Amino acid sequence: MITPQRYWREIPQRYRLEAGKCKKCGYICFPPRLICPKCKNREFETVRLNDEGKIASFTIIRVPPEQFSDLSPYAIGIIELNDGVKILAQIVDCDFEELEIGKRVKVEFRKIRSEGEAGIICYGYKAVLLE
Amino acid sequence: MVGIVGYGAYIPRYRIKVEEIAKVWGADAPSYKKGLRLEEKSVPYLDQDTITLSVEASKNALKRAGINPKEIGAVYVGSESHPYAVKPSGTIVAEAIGATPEVYCADFEFACKAGTEAMHVCYSLVKSEEIKYGLAIGADTSQGAPGDALEYSASAGAAAFIFGKDNIIAEVEATYSFMTDTPDFWRREHQHYPRHGGRFTGEKAYFRHILGAARGIMEKTGTKAEDFSYVIFHQPNGKFPLKVGKMLGFSQEQIETGLLVPKIGNTYSGSSPLGLTAVLDIAKPGDRILLVSFGSGAGSDAFIFRVTERIREVQDKAPKTWDIINGKKFYLDYGTYAKFRGKILKA
């Protein structure tokens with residue numbers, strides 16, 4: 001069970017793809033970090049990642065964790081956004097035969113899961129193929 | 001001048017055909033197809049709700065408006081299917097588009113006219129210079145009880161409009177509202193599906209209020225049916241808007257562009273607002289548009305818009321509504337549809 005506090009902390013990243021861009025070397029950290037892994041600098045500016053990219057890799061999940069069982073089977077992929085940042089996201093609204101490495105996708109705002117019948121609803125990003 | 005500076009639409013990619021629903025309940029599909037002019041309806045995927053549809057429609061509206069979301073001073077989501085009973089949809093939408101924290105926000109409910117009510121409040125706040133821009137959304141993932149007549153039409157979609165004073169694409173020339181207490185359709189607390197008064201939803205509800213609002217705004221502004229390039233009425237089915245249009249002297253050509261219901265169903269709070277997005281997609285500078293919503297309970301809001309020169313700059317900046325409707329689609333069988341809509345649950 002995800003706590004509302006933990007969900008709330010990640011809202012800027014899950015809703016708006018907010019990343020930290022190193023003010024010294026320009027490296028983009030997603031999610032943001034305190035220290036740049038490239039140059040050890042500690043100053044970042046907040047940037048919103050581009051919401052389009054391409055499939056870097058993908059797989060089909062047929063035996064999912066319990067909370068995602070209604071969605072089974074589903075595709076999940078590593079998406080390389082136009083900024084070069086890679087994110088892990090479910091790929092929805094597709095036939096699996098359509099999926100190929102390199103295909104263009106865009107990020108859409110979707111419900112990720114609900115905490116049972118009475119808990120919070122968690123939202124975030126998923127990918128859909130660009131037509 | 002106050003008006004729309006950006007607009008956007010979003011419709012889920014899943015569909016179910018009238019025949020598929022009729023087959024399960026032993027109903028006569030041709031009577032729905034011919035009598036009510038319904039062919040298929042949109043269905044939200046398991047991970048879509050009023051909030052996710054609202055966010056996507058708003059992102060498209062922002063692309064057309066070309067403004068910084070931080071300048072949006074109010075976010076109002078009109079819907080009868082807010083995912084939470086207590087906790088606003090608008091806070092999530094505002095956060096997702098980057099409009100927080102200096103923003104007024106509340107959720108609106110008024111059956112199918114909650115979206116146009118949100119539009120009226122945003123328009124008024126901009127006009128009174130309380131805010132620079134206001135985001136009004138009409139969105140729903142509506143439900144019809146299994147086997148009920150509403151199951152053939154209750155669908156999902158969202159339309160978003162950003163109101164402002166600068167760079168407008170359609171000026172609001174006039175507004176008008178016609179409202180009475182009419183119990184034609186309702187859903188009590190903790191009930192999953194709505195109930196309705198059957199034929200009572202027609203003459204005394206839909207027609208009375210749409211006619212009242214349309215005649216009221218035309219009288220107020222001294223306009224006639226032929227003064228409008230397009231008209232959009234609330235569309236619970238394909239028959240009512242054509243009938244009410246004929247009663248008011250409008251031609252089928254004036255109605256057709258904004259008549260989406262045969263292909264996507266009744267998107268409730270998104271219904272007439274989505275029709276407006278389809279009209280704005282092809283409108284030309286100088287066109288005058290009449291929009292008349294209807295929400296059970298019951299009331300109608302009317303708007304007259306005058307399209308400006310800037311419309312041509314924004315039409316291609318986000319997906320067009322008819323392109324979304326005719327784009328990628330996945331057809332569902334009734335079993336999968338029932339699962340998607342939570343009508344059946346895994347043991």
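Bear in mind that the values here come from a model prediction, so they are computed numbers and not experimental data. Numbers restart at 1 for each chain; the letters A, B, ... are given by sequence-line order, proteins then strands.
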* Is it true that A/R16 and B/E95 make a salt bridge, defined as a side-chain N closer than 4.0 Å to a carboxylate O? -> yes

* **Ion pair A/E108/B/R13, N-O distance below 4.0 Å** => yes

* Asked: Is there a side-chain contact between B/I92 and A/Y15 (heavy atoms, below 4.5 Å)?
  -> yes

* Asked: Looking at A/R110 and B/D47, what are the two nearest heavy atoms and their distance?
  -> NH1-OD1, 2.8 Å

* For B/A96 and A/F109, work out which heavy atoms get closest and say how close. => CB-CE1, 3.8 Å

* Over 12 foreign heavy atoms within 6.0 Å of NZ, B/K63 -> yes

Checking [X] against chain B: side chain, backbone, both or neither under 4.5 Å from a heavy atom?
X: A/R14; result: neither
X: A/I11; result: side chain
X: A/L17; result: neither
X: A/Y123; result: side chain
X: A/S69; result: both

* Asked: Of the backbone (N, CA, C, O) and the side chain (C-beta and beyond), which part of B/Y10 lies under 4.5 Å from a heavy atom of chain A, both, or neither?
  -> side chain

